[in-house]
Amino acid sequence: MNLIRLTNQKTAEVDLKKTYDAIVVGSGAAGGMAAHVLTSHGMKVLLLEAGKKLDIDKELKSTEWPYQHKRRGEMPSDSHPLSLNEYNIRQPPYAADSKFKHVYSYVQGWGGSDYSKNIVVDEKDHPYTGTNYAWVRARLLGGKTNIWGRLALRLSDLDFKAKSHDGYGEDWPISYKDIAPYYDKVDLYLGISGVKENVAHLPDSIFQRPIKLTFSELKLRQQLKKMNRLLTPYRAGVTTDGLKHNKYRSRCFGRGACNRRAGGCDIHAAFDSPTGLILPAMDTGNLTLRTNAIANAITVDNKTGKANGVAFVDAETGNSYQAKAKVVVVAASTLESARLLLISKSNAHPNGIGNSSNHVGHNFCEHIMGPHITGLVKDLVGKPHTLDDGKPGSFYLARFRNLNERHPDFIRGYGFEGDSGTSMYPGNAGSTPGFGAAYKKTVREYSGAFISMGAFGEVLARYENYVDIDPSVKDKWGIPVLRFNYKFGDNEKKMAADMAETAQEMFNEAGFEVVDLSRRILTEGWSIHELGTARMGNDPKTSVLNQFQQSHDVKNLFVVDGSSHVSASCQNPTWTIMSLAWRSCDYLADQFKKGNL
Amino acid sequence: MADTKEQNAIDECSEGDLTRREMIKLGAIAVAMTGLDRNKLLEAIQNKTPLFFTSDEFAVVDELTEMIIPTDDHSPGAREAQVAAYIDFKLLDSFDEEPRALWRNGLKLIEQLSQEMHGRLFLACTPEQRIALLTRISQNESAPGKPEEVFFKELKSRTARAYYTSKIGIHNEMEYKGNVSLKEFVGYDAT
């Protein structure tokens, strides 16, 4: 492998006198895609990232063994990950008055947290208020794509036209046929692994080499076929065959490190925005990157009401700057984008820019998580250990509720993510009772014989679930913070009850002995799939953006991240975020050339 | 035997980026926290003695961890994997005082129970007597109530964590085959 390493990347100074064609705020999946597409159309783009530029390969150390690390991969002891109980019992801001030097979200409680401690934000610097919410944020070049779970799924018309299907909420202003060509482009440009299944509500991508299943997963897949349900190998946003057009990314070598910690791939086989999108965009010569640039206002020309740039604070010096552009593209993540729109108040836009509908921050939705199951596969007990985790993911079990029939208790659906077999750390070491030779032997003989899965369900978009700006609390840089007014509703709770029932039913059918079944719902936010705070729609009174993620109010303002999603679906959103951003930025570049912005 | 273990513990802890100087700094923190004499602690590090435990405590912890995960015909156990040394380091390193107190009190409870059951120090007991003691405190593992039961859970949890993340635990015991570059994914096609 001769990868071009991130440390070699070029940097350019921001020219604050210049008026860029576009400023993109945020460098994650959406912002990276905007930078890629706009620069490929020849536009001069300034990319502002609030976080730092890390030497990510040195952070991740993907193949380091636990015993090579002084704390076996754990963070320094003065750093604390929030626990489920803390999220539920206490009220945000969760890090207030903590005796620990650093406080992080729950993902830092996983093994290997030392490798991601500089990737996720320190809750002490980034408070929020309101209802309980586990808000996981990554502030650095590439955002959460540096540690994402890599499950890359398409949505279908069952999602885009969900209202037509069951009467609830709003349809998206696009159909599957509008976005399908862009899903194809994303597949080919970034690489995705999977197996073609020809299932209408989980459309296939243009797949590279699939990962394989374990014995138990194949058994479950075959059993589920009889129930007309689908278990398919993990559709990973990972290049398994390599990408000839990208010199920054290697193909996947199945090292399995991606399963050991909060994600991250130091050879960039798993998609991340810096190597997948931003570095290639910089190679066009059209992209200027400014990190440590925390946007605190979209500035406005008072005569026209149009956006004319972005004001930002330097994260390290605290100095304020203003950059100018003809178009502003917001891609700061669903919640940060809503925050930026709401705090960008002016005479022309007293409620925040793009918010004449009062819908910014509202219709906030995501995926509900919690119910999960573990089964024992007796055929595997005592068998020699096989290599089961040398892959970027294990399996996905597609939605099967409310497709043709109508469930009496709830609308919409859920899917499961799961895995099985041996892993580096035997998960049964904690749950196996006793001590001594018998304990040791039981852990060894059973450790490869378990299969587990947990559900992700659609949370309905509701106007009354929203974020707004806290009237008094500010972050480390003096910027007003978000206040959450967000709770799961009745539909979600009934759906969660069904998740546990069907999980049990499917494991029973497959002949797995159920050893653990949890019905507990995790705190709002746990899925890290927040969506919908600036939704698209055809009616400017009930939506923020049009079908090209263009503000109804301000025609040179676009919001191209998950905030634009009209409903959450139950499929993971990243591939849709990038496909939509590509479509919208093609439109943006075309309109820009025509002088319509 | 104890000497090599502690040297290895320090070496193993230093395998990351924790330098010896940092270790001494940690030692200084421990002085402040435990009231030990600083010079004694520096001397202890140089003499390769435990960081948090007393030598007597360390010997008991070493035995307890080996009883939980013993050497068998498949692989070496907790003793050879230097589990006690890692627990010792993690306790010194802890930001909270609570785990240190839990261990110090827990080891006292072990000795009390040993006197009560067998009329002698834990390490002076026969192997059968030690097993009888550990059996007694492991009775309510899923819902520990008595302080010695709580200590057993903590002891076992830290032992397992340290053992299965050690070289011996990963390679000899579990025969883990991953973390290598593969030409082809391993497993079954989705048929």
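The sequence lines fix the lettering, A, B, ..., with proteins before strands; numbering per chain opens at 1.
- Using a 4.0 Å cut-off between charged nitrogen and carboxylate oxygen, B/Lys177 and A/Asp388 do not count as a salt-bridge pair.
- In terms of non-hydrogen atom pairs under 4.5 Å with chain B, the most contact-rich of A/Cys252, A/Pro76, A/Gly434 is A/Gly434.
- Chain B forms the most heavy-atom pairs under 4.5 Å with one residue out of A/Gly448, A/Ser431, A/Gly390, A/Pro233, and that residue is A/Gly390.
- Considering only heavy atoms from C-beta on, B/Thr165 stays 4.5 Å or farther from A/Met424 through its side chain.
- Neither the backbone nor the side chain of A/Glu217 comes within contact range of chain B; no heavy atoms are under 4.5 Å apart.
- Only the side chain of A/Thr240 comes within contact range of chain B, with at least one heavy atom under 4.5 Å from a heavy atom of that chain.
- Salt-bridge formation is detected for the pair B/Asp93/A/Arg71: a Lys NZ or Arg NE/NH1/NH2 atom is positioned less than 4.0 Å from an Asp or Glu carboxylate oxygen.
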Legend entry - Verdict with supporting geometry, A/Phe253 and B/Val180, side-chain contact (heavy atoms from CB on, under 4.5 Å): CA-CA 8 Å; A/Phe253 284 89; B/Val180 292; over 6 Å; no
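- Residue A/Asn85 places its CG atom among more than 12 non-hydrogen atoms of other residues, nucleotides or ligands, all under 6.0 Å distant.
- The candidate from A/Gly421, A/Gly430, A/Pro433, A/Ala429 with the greatest count of non-hydrogen atom pairs under 4.5 Å with chain B is A/Pro433.
- Contacts between B/Ser157 and chain A at a heavy-atom distance below 4.5 Å are absent for every atom of the residue.
- Using a 4.5 Å cut-off between heavy atoms, B/Glu173 touches chain A through backbone and side chain atoms alike.
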Inset, instruction - Mind running salt bridge (Lys or Arg N to Asp or Glu O under 4.0 Å) on B/Glu175 and A/Arg444 for me, showing each step along the way? - result: CA-CA 9 Å; B/Glu175 299 177 282; A/Arg444 178 170 71 235; over 6 Å; no
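- For B/Thr135, the parts lying under 4.5 angstrom from a heavy atom of chain A are both the backbone and the side chain.
- Interatomic distance, A/Ile267 CD1 to B/Ser181 OG, rounded to the nearest 0.5 Å: 6.5 Å.
- Heavy atoms of other residues, nucleotides or ligands lying less than 6.0 angstrom from NZ of A/Lys101 number 12 at most.
- At a 4.5 Å heavy-atom cutoff, the contact between A/Thr432 and chain B is made by backbone atoms alone.
- Looking at B/Ala78, there are no atoms closer than 4.5 Å to chain A (heavy atoms on both sides), in backbone or side chain.
- Between A/Lys391 and B/Phe185 there is a side-chain heavy-atom pair separated by less than 4.5 Å.
- Taking each heavy atom of B/Tyr86 and A/Lys70 in turn, the nearest pair found is CE1-O, 3.5 Å.
- The number of heavy-atom neighbours closer than 6.0 Å to NZ of A/Lys225, taken from other residues, nucleotides and ligands shown, is above 12.
- Contact annotation for B/Ser75: both backbone and side-chain heavy atoms come within less than 4.5 Å of a heavy atom of chain A.
- Contact annotation: the side chain of A/Leu387 approaches that of B/Leu182 to within less than 4.5 Å [non-hydrogen atoms, C-beta and beyond].
- The part of B/Ile170 that comes within reach of chain A is its side chain, from C-beta onward, which places non-hydrogen atoms under 4.5 angstrom from that chain.
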Inset, instruction - Begin with the C-alpha distance, continue with both residues' side-chain angles, and end with the deciding distance and a verdict on salt bridge (Lys or Arg N to Asp or Glu O under 4.0 Å) for A/Lys441 and B/Asp72. - result: CA-CA 9 Å; A/Lys441 187 164 183 268; B/Asp72 60 9; over 6 Å; no
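- Looking only at side-chain heavy atoms (C-beta outward), A/Leu218 and B/Thr191 come within less than 4.5 Å of each other.
- Side-chain contact between B/Ile168 and A/Tyr67 is absent, with no heavy atoms from C-beta onward closer than 4.5 Å.
- B/Asn179 places a side-chain heavy atom less than 4.5 Å from the side chain of A/Trp65.
- Both the backbone and the side chain of A/Phe215 come within contact range of chain B, judged by heavy atoms closer than 4.5 Å.
- Once rounded to the nearest 0.5 Å, the distance linking CZ of A/Arg72 with CZ of B/Phe89 reads 10.0 Å.
- At least one side-chain heavy atom of B/Arg161 sits under 4.5 Å from a side-chain heavy atom of A/Tyr425.
- The aromatic ring centroids of B/Phe95 and A/His102 lie 6.0 Å or more from each other.
- Interface summary for chain B: among A/Ile211, A/Leu231, A/Thr422, A/Val195, the most heavy-atom pairs under 4.5 angstrom belong to A/Ile211.
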Inset, instruction - List the steps, then state whether salt bridge (Lys or Arg N to Asp or Glu O under 4.0 Å) holds for B/Lys90 with A/Glu74. - result: CA-CA 11 Å; B/Lys90 283 288 285 178; A/Glu74 290 173 28; 2.7 Å; yes
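- When all heavy atoms are compared, the tightest approach of B/Met174 to A/Pro426 is CE-CB, 3.6 Å.
- With a 4.5 angstrom heavy-atom cutoff, B/Glu184 touches chain A via backbone and side-chain atoms both.
- Note: B/Tyr188 OH to A/Arg221 CZ = 15.0 Å, rounded to the nearest 0.5 Å.
- For the atom pair B/Met67 CE and A/Phe435 CZ, the distance stands at 5.5 Å (nearest 0.5 Å).
- Neither the backbone nor the side chain of A/Pro384 comes within contact range of chain B; no heavy atoms are under 4.5 Å apart.
- Shown here is B/Phe151, whose CZ atom has more than 12 heavy atoms of other residues, nucleotides or ligands within 6.0 Å.
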